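The structure appears below as structure tokens.
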2 protein chains.
Amino acid sequence: MSPRTKQQFEKIRKTRKDKILTVALELFAQNGYQGTSIAQIAKKAKISKGLMYNYFKNKEKLLEEIVLEGFNKIMELDYGLSKSDKPTDKLKSLIDETLNNLSNNLHYWQLYTVLLVQPRVQKKFEKKFYQFREFFITTMTEIFKGLGSNNPELHSFLLGTHFDGLALNFIATPDDFPIEEIKQALYEQYCKPKRKKKK
Amino acid sequence: MSPRTKQQFEKIRKTRKDKILTVALELFAQNGYQGTSIAQIAKKAKISKGLMYNYFKNKEKLLEEIVLEGFNKIMELDYGLSKSDKPTDKLKSLIDETLNNLSNNLHYWQLYTVLLVQPRVQKKFEKKFYQFREFFITTMTEIFKGLGSNNPELHSFLLGTHFDGLALNFIATPDDFPIEEIKQALYEQYCKPKRKKKK
DNA sequence: GTCTATACCAAGATAGAC
DNA sequence: GTCTATCTTGGTATAGAC
């Protein structure tokens, strides 16, 4: 009844909820949304099936919370862009941070990808996907403008798709992924885009 | 009882089986394996649920047939490599054909991607995935050697991942995908890889 | 707050009539 | 060969005891 006890409960509740979110993210990422059962999640979180519904209204709301939390995390990053004003430095930071982020948040990217390729599921998070995409593409376009690119939108799009492909491969085979070599190669490949057509 | 009738039956059977394979591919690609029910497939193929099991032992075998058929189709392509011996031409053909193939076999690539990102499902087709990957990477590596690349394996890997990323984006938003512009840009980007280090 | 038991339903698969 | 009816399982979600 005392306030202190109440706070204790709150803390336990929070911890347990986080636990559920963490294991659910992992399972959804690995087995897909439909491929994961509440029972599996409960087991891995070491609670009963029934208790799951004390923390989340249903399976769908659980997925929503996970996805939105992930989006927020990723949108908060500034990809080291504030470190310098030189476009070459910015590009280097962006590449570095994006690839670091990839290995730091593997499960989230895996889930993101699973959802992205399934139109029916994707619809639900469409807005968030576009929002993130817009933010990222715009940032890159500005950098390419700074580098004197003759088609910054296209180069930005291409670097974006390249990140996606790297993510896909990293997800499928996280070992056998020479991350530092890749950073270097990307930097070389994108740092010197074609200038205005030379005659 | 006559042979002719028997042939007719065979033909009808074949046609119907193909119909099932086609609609199942589409549904699996769009909604995932677990996200697609036998009832949905049967409905779209305009047959009863029960009849499905006359054609396929079970849902899993159906998926297997679809995936293996798709792999075979894709492995048969030669990506226009025999047209010329010049590495620059070969690279151009490869880029062209890969992107054409992407839009011609959208559903298959979509399924391929869905399966690739889900480790549990992936295991089953692992060997086939690697087989295709090896073939593709080796082909590209040879081309980059011909172009005088200082690290043909890495450049080949990077072009491969870039294709994957483009596929992912094409799948997610097939409209708003400037395919010809991309072909051109890829060609420019990969055709002149760094030579041996200049001192 | 947490668990067990259970209602309920959707989906895979089979049986049997035609 | 094809369909309808049915069995069976496994999964979501709820009820109710502690």
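Just so you know, these numbers come straight off a predicted model, no measurement behind them. Numbered from 1 within each chain, the chains take letters A, B, ... in sequence-line order.
- The phosphate of dA13(C) (OP1 or OP2) has a side-chain N or O of Tyr53(B) nearer than 4.0 angstrom.
- Projected onto DNA chain D by closest heavy-atom contact, Gln40(A) and Lys57(A) fall at different nucleotides, the more 5' of which corresponds to Gln40(A).
- Atom CD1 in Ile20(B) sits roughly 12 Å away from atom C1' in dG1(D) (whole-Å rounding).
- Using a 4.0 Å heavy-atom cutoff across all strands shown, Phe56(B) reaches no nucleic acid atom at all.
- One can place CD1 of Ile38(A) at 15 Å from C1' of dC9(C), the figure rounded to the nearest angstrom.
- Rounded to whole Å, atom P of dG16(C) lies 16 Å from atom CG of Asn54(B).
- When heavy atoms are screened at a 4.0 angstrom cut-off, Ser48(B) is found touching base atoms of the nucleic acid.
- Atoms NZ (Lys14(B)) and C1' (dG1(D)) sit 18 Å apart, rounded to a whole Å.
- Rounded to whole Å, the distance from CD1 on Ile41(A) to P on dA13(D) is 11 Å.
- Within the structure, every side-chain polar atom (N or O) of Tyr55(A) is placed at least 4.0 Å from both OP1 and OP2 of dG1(C).
- Thr141(A) contributes no side-chain N or O that, together with a main-chain N or O of Glu153(A), makes up a donor-acceptor pair within less than 3.5 Å.
- Put simply, the side chain of Gln184(B) never gets that close to the backbone of Glu181(B): no donor and acceptor are under 3.5 Å apart.
- Proximity of the aromatic rings of Tyr112(B) and Phe125(B) is defined here by a centroid distance below 6.0 angstrom, and this criterion is not met.
- Between Phe71(B) and Phe129(B), the distance from one ring center to the other falls under 6.0 angstrom.
- A distance of 8.5 Å separates CD1 in Ile137(A) from CG in Leu159(A), rounded to the nearest 0.5 Å.
- Nearest nucleotide to the side chain of Ser37(B), out of dG1(D), dA11(C), dT2(C): dA11(C).
- In this structure, Arg16(A) does not reach the dG1(C) phosphate: none of its side-chain N or O atoms is under 4.0 Å from OP1 or OP2.
- Atom CG in Leu51(A) sits about 15 Å away from atom C1' in dA15(D), given to the nearest Å.
- Protein atom CD of Gln34(B) is 12 Å distant from nucleotide atom P of dT12(D), rounded to whole Å.
- Side chain of Lys59(B), nearest nucleotide from dA13(D), dA13(C), dC3(D): dA13(C).
- Side chain of Lys49(B), nearest nucleotide from dG1(C), dG12(C), dC3(D): dG12(C).
- Atom pair Asn58(B):CG and dA11(C):C1' shows a separation of 14 Å (rounding to whole Å applied).
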